J.: 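Questions regarding the structure given below will be posed in turn.
Note that this is a predicted model, so its numbers are computed, not measured. Below, each value reflects all heavy atoms present in this structure, side chains not excepted, and no hydrogens, waters or symmetry copies.
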Amino acid sequence: MDLEAVIVDAGAEVVGLCRSVGEAQSTLDTTRVDVAILDFGVSDGTVAELAHRLTAHGTPFCFYTGQVATDPRLAAWHDPKIIQKPAQPRAIVDTLATLAGR
């Protein structure tokens, strides 16, 4: 499933499709982000620093992962919003809409 296509088809704008922590940091430096999806499967490290940064700025986000029960990286957040892979498009859209307050 193409995550970007699901989001665009739902009428939202994708402002940063980042494949690394570095790309995401750069996007956050230059672009207003209303809601973020963080996948732990990035090429250059963990998205924990991104999650902390988003939290500090009050930007809602969710994790997109296939290892919900076994991923110890999620332990740093109490009751995080999670989209479990593989996800149906409706689940993705509903989660983002909830996070955005819509």
Side-chain angles (χ1 to χ4, degrees):
M1 169 180 47
D2 185 0
L3 190 56
E4 181 180 22
V6 169
I7 295 166
V8 170
D9 288 349
E13 179 184 359
V14 175
V15 297
L17 184 60
C18 306
R19 300 196 193 308
S20 70
V21 172
E23 286 179 32
Q25 292 285 17
S26 180
T27 297
L28 291 176
D29 288 341
T30 61
T31 308
R32 181 172 167 260
V33 175
D34 294 323
V35 176
I37 298 175
L38 302 178
D39 188 342
F40 274 112
V42 294
S43 64
D44 63 343
T46 175
V47 296
E49 63 188 84
L50 295 170
H52 290 301
R53 182 173 176 183
L54 291 167
T55 299
H57 287 104
T59 304
F61 66 91
C62 64
F63 293 108
Y64 187 59
T65 181
Q67 287 109 21
V68 174
T70 60
D71 198 330
R73 298 171 291 190
L74 294 172
W77 292 270
H78 301 290
D79 197 28
K81 296 285 186 199
I82 299 171
I83 300 172
Q84 186 170 352
K85 292 179 184 179
Q88 294 294 315
R90 182 86 253 149
I92 295 167
V93 171
D94 288 349
T95 299
L96 294 177
T98 299
L99 289 170
R102 297 184 181 145

J.: How many angstroms lie between OG1 in Thr65 and CD1 in Ile83, if you round to the nearest 0.5 Å?
T.: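 With rounding to 0.5 Å, OG1 (Thr65) is 11.0 Å from CD1 (Ile83).
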J.: Could you please spell out the steps behind the side chain to side chain contact (heavy atoms under 4.5 Å, CB included) verdict for Ile7 and Ile37?
T.: CA-CA 11 Å; Ile7 295 166; Ile37 298 175; 3.8 Å; yes
J.: Please enumerate all residues that pass side chain to side chain donor-acceptor pair (under 3.5 Å) together with Gln84, with sequence neighbours excluded.
T.: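 Here no residue qualifies.
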J.: What's the spacing between Lys85 NZ and Ile92 CD1 if we round to 0.5 Å?
T.: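 The distance works out to 10.0 Å.
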J.: Between Thr98 (side chain) and Asp94 (backbone), is there a donor-acceptor pair under 3.5 Å?
T.: yes
J.: Do the non-hydrogen side-chain atoms of Phe61 and Thr55 ever get within less than 4.5 Å of each other?
T.: yes
J.: Would you name the heavy atoms of Glu4 and Val14 that are closest together and state the gap between them?
T.: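 Where Glu4 meets Val14 most closely, the heavy atoms are CG-CG2, 3.9 Å.
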J.: Write down the atom of Pro60, the atom of Leu99, and the distance for their closest heavy-atom approach.
T.: CG-O, 3.4 Å
J.: Looking at every non-hydrogen atom in both residues, tell me the closest pair between Thr46 and Val21 and how far apart they are.
T.: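 Looking at all heavy atoms of both residues, the closest pair is O-CG2, 3.3 Å.
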J.: Between Leu54 and Leu28, is there a side-chain heavy-atom distance shorter than 4.5 Å?
T.: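 Leu28 reaches Leu54 side chain to side chain.
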J.: Quick check for you: to the nearest 0.5 Å, what is the distance between Glu49 atom CD and Leu38 atom CG?
T.: 11.0 Å
J.: Can you give me the closest heavy-atom contact between Leu50 and Gln25, atom names plus distance?
T.: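 Smallest interatomic distance, heavy atoms only, reads CD2-CD, 3.6 Å.
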J.: Can you list the steps and then say if Val47 with Asp39 is a side chain to side chain contact (heavy atoms under 4.5 Å, CB included)?
T.: CA-CA 7 Å; Val47 296; Asp39 188 342; over 6 Å; no
J.: Scan for salt bridge (Lys or Arg N to Asp or Glu O under 4.0 Å) pairs involving residues 13-27, sequence neighbours excluded, and state none if there are none.
T.: none
J.: Looking only at non-hydrogen atoms, find the nearest pair between Asp34 and Thr59 and report the distance.
T.: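 Closest heavy-atom pair between Asp34 and Thr59: O-CG2, 3.8 Å.
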J.: Measure across Ala87 and Tyr64 and return the closest heavy-atom pair with its distance rounded to 0.1 Å.
T.: CB-CE1, 4.2 Å
